Every structure is written in C-alpha cells, then in structure tokens.
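Here the structure is a predicted model, which is why all the values come from computation and not from measurement.
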Amino acid sequence: MNTQPAHIDRDRLYTDLQYRFDYVSQFIGFTEADQEYIHKSASVVTGLVPTIVDAVYDKLSNYDATWMHFSQDQDGLQIREPAENRETTPVSMGSEAIKFRKVMLTKYLKKLVTSEWNLSYLKYLDWVGHIHTSTPLKKSSINVEYIHCNALFGYLSSVVTGALSKSEEWDAETRDSIVNAYVKFFWLQNDLFSRYYVKDQVLSDKEKAAVAACRKAKEDEIRRQLRVESLLNAVVGMLAGAVIGVVGLRYLARGS
C-alpha cells in the first residue's frame, strides 16, 4: 500500500478540465477497460435509446419544477409560444421543443457508446453541463437548478443500468462490468455538471489574482475613458471660448 498520498494540484482541479477528469476517474476507478466496456455495449444500448429517451422525458413531465424549463429558449431552439403565455400553457410532449431535446439526448447517448475518449469528447461532456447553467457564453438564459440535474442523473443511471442488467447479450461477468462502467460514467458526468453549480472552493491565490487583474483592467479602462472625455470636454470648452471671443470682437468692431 502506498503510504504517501498523491499530490493533487487544487488550482488545476478548477482550471484544467483534463486534470479534473483524470483525478475523478482515478478516484472512482474509471479506467480504459470501463471505456471499452461502454463501447462494447453499443449494440444493445443503441436499440434501447428510444425507450430510455421516452422514459426520461416522461419522468421530467411529472414535475412542474423540471417541466417548466422546457418552455424556455435554448441554444439552437427558439420557443414559438409568446413568453407571457408559457407559464399558463405548459409545453406539450409532442411539441417541437420536446422533439428537439429528445433528439439532443439521443445524440448524447449514441455519442457515449461510439466516441473516442479524447479531449474533444471530454469538452463535449463538459459543454453538456455548461449549457444547463446561466452564463454569458450562450444566447439563452436557461438555468436548471442543480438539484434537478442530480436527480435526473440518478434516474437516468437507474434506467440504463436496469435495462443492461437484464440483457442476455453477454455472460454474467461481462454484463456486471458493463453496468459498473456506466455507474462510474454517470458520476463523472454529474461532476461536470456540478462544477458549474457548486462553489465549494475558497478562491485560491491564483484565482484571487485573476479576479483582481480583471477588476483592475476594467477600472483602468473606465479611468482611460474618463480622461478622454475630460480632455474632449476641455478642448470643446476652449474652442467654444475662442469662437465666442472671435464673435465678440467682430461685434465690437462693427459697433465702433
């Protein structure tokens, strides 16, 4: 047993996506073998996707706290229903909004069993978490509270692993390994949601310095603009004074 704990760079957990993913993966034991088991399940999972997607949206429609978010605009989709009518007229299961989101979930599940586990795919998983939060980096203002995201992952994990555990496609050992791989994956994906919600860290020195530098840059820009405006006002004042002086002299000259 290793008596020396592995050093974890705390700052990188919050600034380096790959580093964070590697740390959580190592902690829960998500390995390349698990990635292979997920790929191995593709033939079964692909056939289950429509059932899984329908089950997820049936569950979401059971609660107003989750269903209300589907009446909001999302990147790639604008709700046609006037904003003032959305609260009194909940979106229907057959609406374009729900069809669009079902397509997105379908793509997500198919990517899971076909994508290479590289940085590009990791950024995609991170993006899935990011788009559910309110951020200036996207056009829509949808912000799903984390409690609902966490509950959904619990349900989604249960639906997927429950279906896989009943499959007769593999021997018992392989089936158990596949189910275990999915359990780990959903915890990893959940972490890439929680990083945009849970502010459990006190700002590190680097983070404080970055915030301070950003604030100083904004303050410097404001001061620069004020100096420019002050200079312009002074120039305008001088020009106005000169014009008034010239006009006054001409008036006096005419009077004499």
Side-chain angles (χ1 to χ4, degrees), residues 6 8-9 11-57 74-77 100-133 135 137-138 144 149-150 152-197:
I8 300 300
D9 187 326
D11 290 328
R12 289 185 67 188
L13 289 177
Y14 299 100
T15 59
D16 187 329
L17 176 61
Q18 184 69 61
Y19 186 82
R20 181 186 182 108
F21 180 82
D22 290 343
Y23 163 69
V24 179
S25 294
Q26 291 170 13
F27 197 104
I28 66 177
F30 184 78
T31 65
E32 290 184 1
D34 291 305
Q35 297 169 11
E36 292 173 3
Y37 277 123
I38 289 176
H39 283 166
K40 191 179 185 70
S41 72
S43 59
V44 173
V45 170
T46 301
L48 292 172
V49 165
T51 302
I52 293 170
V53 170
D54 285 344
V56 166
Y57 278 88
Q74 177 182 318
D75 282 2
L77 175 70
F100 173 81
R101 288 175 169 90
K102 282 189 172 184
V103 168
M104 296 296 285
L105 180 55
T106 297
K107 289 181 178 179
Y108 170 83
L109 293 171
K110 289 183 176 180
K111 275 179 175 288
L112 173 57
V113 296
T114 59
S115 295
E116 292 298 320
W117 287 83
N118 51 30
L119 183 58
S120 176
Y121 181 58
L122 181 54
K123 287 180 177 179
Y124 167 74
L125 295 178
D126 186 61
W127 172 80
V128 171
H130 199 187
I131 61 172
H132 288 80
T133 61
T135 167
L137 299 179
K138 63 179 187 177
V144 183
C149 298
N150 184 54
L152 177 60
F153 275 115
Y155 179 74
L156 180 58
S157 177
S158 175
V159 170
V160 173
T161 57
L164 291 174
S165 66
K166 297 175 183 177
S167 175
E168 298 180 355
E169 182 77 10
W170 317 285
D171 59 73
E173 183 178 354
T174 300
R175 183 170 58 245
D176 290 346
S177 296
I178 289 174
V179 168
N180 193 36
Y182 272 91
V183 171
K184 295 174 186 177
F185 166 76
F186 284 120
W187 276 108
L188 285 165
Q189 178 66 93
N190 197 1
D191 176 65
L192 296 181
F193 268 68
S194 69
R195 73 189 295 244
Y196 292 107
Y197 292 93

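- Residue pairs meeting the side chain to side chain donor-acceptor pair (under 3.5 Å) criterion with at least one partner in residues 36-51, sequence neighbours excluded, are Ser41-Tyr182.
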Applying side-chain contact (heavy atoms from CB on, under 4.5 Å) to Val183 and Thr161, what does each step give before you reach the verdict? CA-CA 7 Å; Val183 171; Thr161 57; 3.9 Å; yes

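- Scanning all heavy atoms of the two residues, the minimum distance from Tyr57 to Leu105 falls at CE1-CD2, 3.8 Å.
- In this structure, the separation between CG on Leu112 and OH on Tyr124 is 9.0 Å, given to the nearest 0.5 Å.
- For Asp54, the side-chain contact (heavy atoms from CB on, under 4.5 Å) test picks out Lys102, with sequence neighbours left out.
- Using bins of under 30°, 30° to 60° and over 60° for the plane-to-plane angle, the ring pair Phe186/Phe153 lands in the tilted bin.
- The distance from atom CG of Leu125 to atom CG of Leu188, rounded to the nearest 0.5 Å, is 9.0 Å.
- Residues Ser194 and Asp191 share a closest heavy-atom pair of OG-O, 2.9 Å.
- Residues Val24 and Trp187 have side chains not in contact (no heavy-atom distance under 4.5 Å, counting atoms from C-beta outward).
- Ring pair Phe21/Phe30 is perpendicular by interplanar angle, where above 60° counts as perpendicular and below 30° as parallel.
- Atoms CG and CG, from Leu122 and Leu17 in turn, are 4.0 Å apart once rounded to the nearest 0.5 Å.
- Interatomic distance, CG of Asn118 versus NZ of Lys123, reported as 10.0 Å (0.5 Å rounding).
- Not one N or O on the side chain of Ser158 forms a donor-acceptor pair closer than 3.5 Å with the backbone of Gly154.
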Let me check something: any side-chain donor-acceptor pairs from residues 173-181 under 3.5 Å, sequence neighbours excluded? List them with distances.
from	atom 1	to	atom 2	distance (Å)
Thr174	OG1	Asp171	OD1	3.2
Thr174	OG1	Asp171	OD2	3.1
Arg175	NE	Ser165	O	3.4
Arg175	NH1	Ser167	O	3.1
Arg175	NH1	Trp170	O	3.3
Ser177	OG	Glu173	O	3.1

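- Of the inter-residue distances, the one linking Asn150 atom CG with Tyr155 atom OH reads 15.5 Å to the nearest 0.5 angstrom.
- With sequence neighbours excluded, the residues that form a side-chain contact (heavy atoms from CB on, under 4.5 Å) with Phe27 are Tyr23.
- To the nearest 0.5 Å, the span separating CZ on Arg20 from CG on Asp126 amounts to 9.0 Å.
- When the salt bridge (charged side-chain N to carboxylate O under 4.0 Å, His left out) test is applied to Lys111, no partner is found at least two apart in sequence or on another chain.
- Remark: side-chain polar atoms of Gln35 are not paired, donor with acceptor, to backbone N or O of Trp117 under 3.5 angstrom.
- The salt bridge (Lys or Arg N to Asp or Glu O under 4.0 Å) contacts involving residues 180-189 comprise Asp34-Lys184, where partners must be two or more places apart or lie in separate chains.
- Donor-acceptor pairing under 3.5 Å is lacking for the side chains of Asp22 and Gln26.
- Looking at Tyr197, its side chain does come within 3.5 Å of a backbone N or O of Val144 through a donor-acceptor pair.
- The shortest heavy-atom contact between Tyr196 and Gly129 is CD1-C, 4.1 Å.
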